[in-house]
Amino acid sequence: MLKELCLLNGTSGDESKVRDYIINQINGYCEYTVDNLGSIIALKKGAKTPSKKVMLCAHMDEVGFIITSITDDGYLKFSPVGGIDSKVCLDRVIEINGVKGVIGVKPVHQLTESEKDSTPEFSKLYIDIGAENREQAEALVDLGDYAYFSSEYYEFGNGFIKSKALDDRIGCMLLIELIKSDLEYDTYFCFNVQEEVGLRGASCTSYSVGADISIVLEATTAGDLCGVSGGERVCALGDGPVVSFMDRRTIYDKELYSLAFDIAKANGVKIQTKTAIAGGNDAGAIQTSGKGSRVLAVSLPCRYIHSAASVVKISDIKETRRLISLLLTKIYD
């Protein structure tokens with residue numbers, strides 16, 4: 001399921017393929033609606049109706065690109081959709097409406113000394129789709145079309161996965177699994193759109209649901225790389241799910257944070273926290289929507305996030321699955 005989800009293209013505002021896949025998976029297992037922005041709001045009936053309303057969330061969208069203009073000689077100019085570092089784009093293969101292209105930049109022997117020491121801005125990049133002129137390019141691509149990293153999904157090394165869109169198709173997969181399982185309590189599940197461009201989908205779904213407690217399943221940046229030590233590693237692959245106490249958008253509920261660690265310790269689940277106040281996720285919108293909600297984020301550590309070659313570890317997915325299932329037995333107390 002994760003491979004199928006990751007290989008679907010669905011950046012912010014273009015999530016329909018991902019949404020259709022998820023609906024096909026959950027249909028018959030829950031009640032669901034699609035709101036006006038395109039997010040899925042599902043209610044999975046459990047054996048009991050709780051006094052507290054609990055919501056689990058993941059976002060469907062991934063980072064990508066949008067075509068902004070076409071040059072006379074057939075090259076495509078573009079802008080990022082979501083937070084992408086231009087360094088991860090150089091010479092990458094791109095797909096637009098089934099058409100392959102390459103993100104190009106000025107050759108190294110034509111760079112000035114200052115250009116050699118700096119990262120090119122997106123305005124200096126272009127997509128080469130093999131068109132010889134504007135007319136050929138316009139026959140294949142329209143302004144406003146979305147472009148995506150063309151990336152293989154594969155397992156490698158000692159239990160690692162490489163793919164695009166692991167942020168946050170892992171969260172979507174885990175929600176689908178829970179919806180298909182037997183739950184003790186009625187639980188809401190939201191698959192949100194447009195997280196990567198400002199948490200927009202979550203603002204709407206959280207207002208509609210009005211949950212007392214919300215758990216966001218995400219991926220977060222791991223800095224466990226050669227030469228990086230101490231708190232600058234932020235989190236590490238293989239050390240289990242990441243439960244944050246604070247990021248740039250959210251101060252997380254202290255009791256829920258402690259509960260996650262207590263449950264993990266009591267059940268031998270690997271768990272870690274995030275050693276940097278950085279990033280953000282849908283919790284930032286959920287926490288302040290409507291009457292407000294107590295929030296907890298459970299994230300998968302991910303190397304090279306927001307690129308064509310994000311990397312996670314399978315053991316962390318398994319530990320996250322265990323932690324979420326255990327949380328759902330205690331969070332209603």
Side-chain angles (χ1 to χ4, degrees), residues 6-15 17-18 59-153 162-169 193-198 200 219 221-223 225 278-280 302-311:
C6 287
L7 292 182
L8 293 171
N9 288 332
T11 194
S12 309
D14 189 38
E15 301 94 344
K17 291 184 177 66
V18 184
H59 67 87
M60 293 187 282
D61 57 319
E62 65 188 282
V63 296
F65 311 95
I66 194 165
I67 306 305
T68 56
S69 65
I70 301 175
T71 67
D72 289 341
D73 42 4
Y75 295 106
L76 312 180
K77 303 297 287 184
F78 64 98
S79 291
V81 179
I84 306 178
D85 188 336
S86 60
K87 291 193 294 291
V88 307
C89 301
L90 306 183
D91 301 324
R92 287 290 185 178
V93 177
I94 297 296
E95 182 178 347
I96 315 162
N97 301 334
V99 176
K100 297 286 188 180
V102 177
I103 295 180
V105 67
K106 186 191 296 186
V108 65
H109 62 275
Q110 293 182 353
L111 296 177
T112 65
E113 289 303 315
S114 63
E115 287 174 332
K116 289 179 181 178
D117 295 331
S118 62
T119 301
E121 299 177 356
F122 278 101
S123 61
K124 303 296 184 181
L125 304 180
Y126 57 85
I127 299 175
D128 182 351
I129 59 170
E132 295 182 355
N133 51 51
R134 180 191 297 273
E135 289 71 25
Q136 285 187 8
E138 288 178 337
L140 299 171
V141 177
D142 292 322
L143 302 188
D145 282 349
Y146 289 97
Y148 294 90
F149 288 120
S150 181
S151 172
E152 292 182 86
Y153 175 108
K162 170 266 175 188
S163 181
K164 74 173 184 70
L166 288 166
D167 173 29
D168 183 31
R169 304 290 161 73
V193 298
Q194 299 192 34
E195 189 267 357
E196 299 291 3
V197 292
R200 297 171 185 174
T221 303
L225 307 172
C302 181
R303 294 178 191 152
Y304 327 122
I305 202 167
H306 288 192
S307 76
S310 297
V311 172

List in chain and number order the residues that pass side-chain contact (heavy atoms from CB on, under 4.5 Å) with [X], two or more places apart in sequence or in another chain; answer none if no residue qualifies.
X	answer
D168	A58, H59, E218
Q136	A131, E132, N133
S69	K77

Any side-chain heavy-atom pair of [X] and [Y] under 4.5 Å:
X	Y	result
V311	I305	no
T68	L143	no
L166	C6	yes

For [X], give me all partners under side-chain hydrogen bond (donor to acceptor under 3.5 Å, both in side chains), at least two apart in sequence or on another chain.
X	value
S151	K162
S150	K100
D73	T71
D145	N97

### Task
Assess whether atom CD of E135 is packed by more than 12 heavy atoms of other residues, nucleotides or ligands within 6.0 Å.
yes
### Task
Indicate yes or no for a side-chain donor-acceptor contact from R169 to the backbone of M60 under 3.5 Å, with no hydrogens or angles considered.
yes
### Listed partners of F149 passing ring-ring contact (aromatic ring centres under 6.0 Å, His included), at least two apart
F65
#### Entry: With sequence neighbours excluded, residues passing salt bridge (charged side-chain N to carboxylate O under 4.0 Å, His left out) with R200
none
### Query
If you measure from CG on L76 to CD on E138, what distance do you get to the nearest 0.5 Å?
10.0 Å
### Query
So how far is it from F78 CZ to I96 CD1, rounded to the nearest 0.5 Å?
9.0 Å
Residues 82-94 side chain polar contacts: donor-acceptor under 3.5 Å, at least two apart:
from: D85; atom 1: OD1; to: K87; atom 2: N; distance (Å): 3.0
from: D85; atom 1: OD1; to: K87; atom 2: NZ; distance (Å): 3.4
from: D85; atom 1: OD2; to: K87; atom 2: NZ; distance (Å): 2.7
from: S86; atom 1: OG; to: P120; atom 2: O; distance (Å): 2.7
from: R92; atom 1: NE; to: V88; atom 2: O; distance (Å): 3.4

Identify all side-chain donor-acceptor contacts of residues 7-15 below 3.5 Å with residues at least two apart in sequence or on another chain.
from: N9; atom 1: OD1; to: K164; atom 2: NZ; distance (Å): 3.3
from: T11; atom 1: OG1; to: E62; atom 2: O; distance (Å): 2.5
from: T11; atom 1: OG1; to: G64; atom 2: N; distance (Å): 3.4
from: S12; atom 1: OG; to: D61; atom 2: OD2; distance (Å): 2.7
from: D14; atom 1: OD2; to: Y148; atom 2: OH; distance (Å): 2.5
from: E15; atom 1: OE1; to: G13; atom 2: N; distance (Å): 3.2
from: E15; atom 1: OE2; to: G13; atom 2: N; distance (Å): 3.0
from: E15; atom 1: OE2; to: Q194; atom 2: N; distance (Å): 3.0

### Message
Please give me the minimum heavy-atom distance between G74 and I129, naming the atom from each residue.
### Response
O-CG1, 4.4 Å
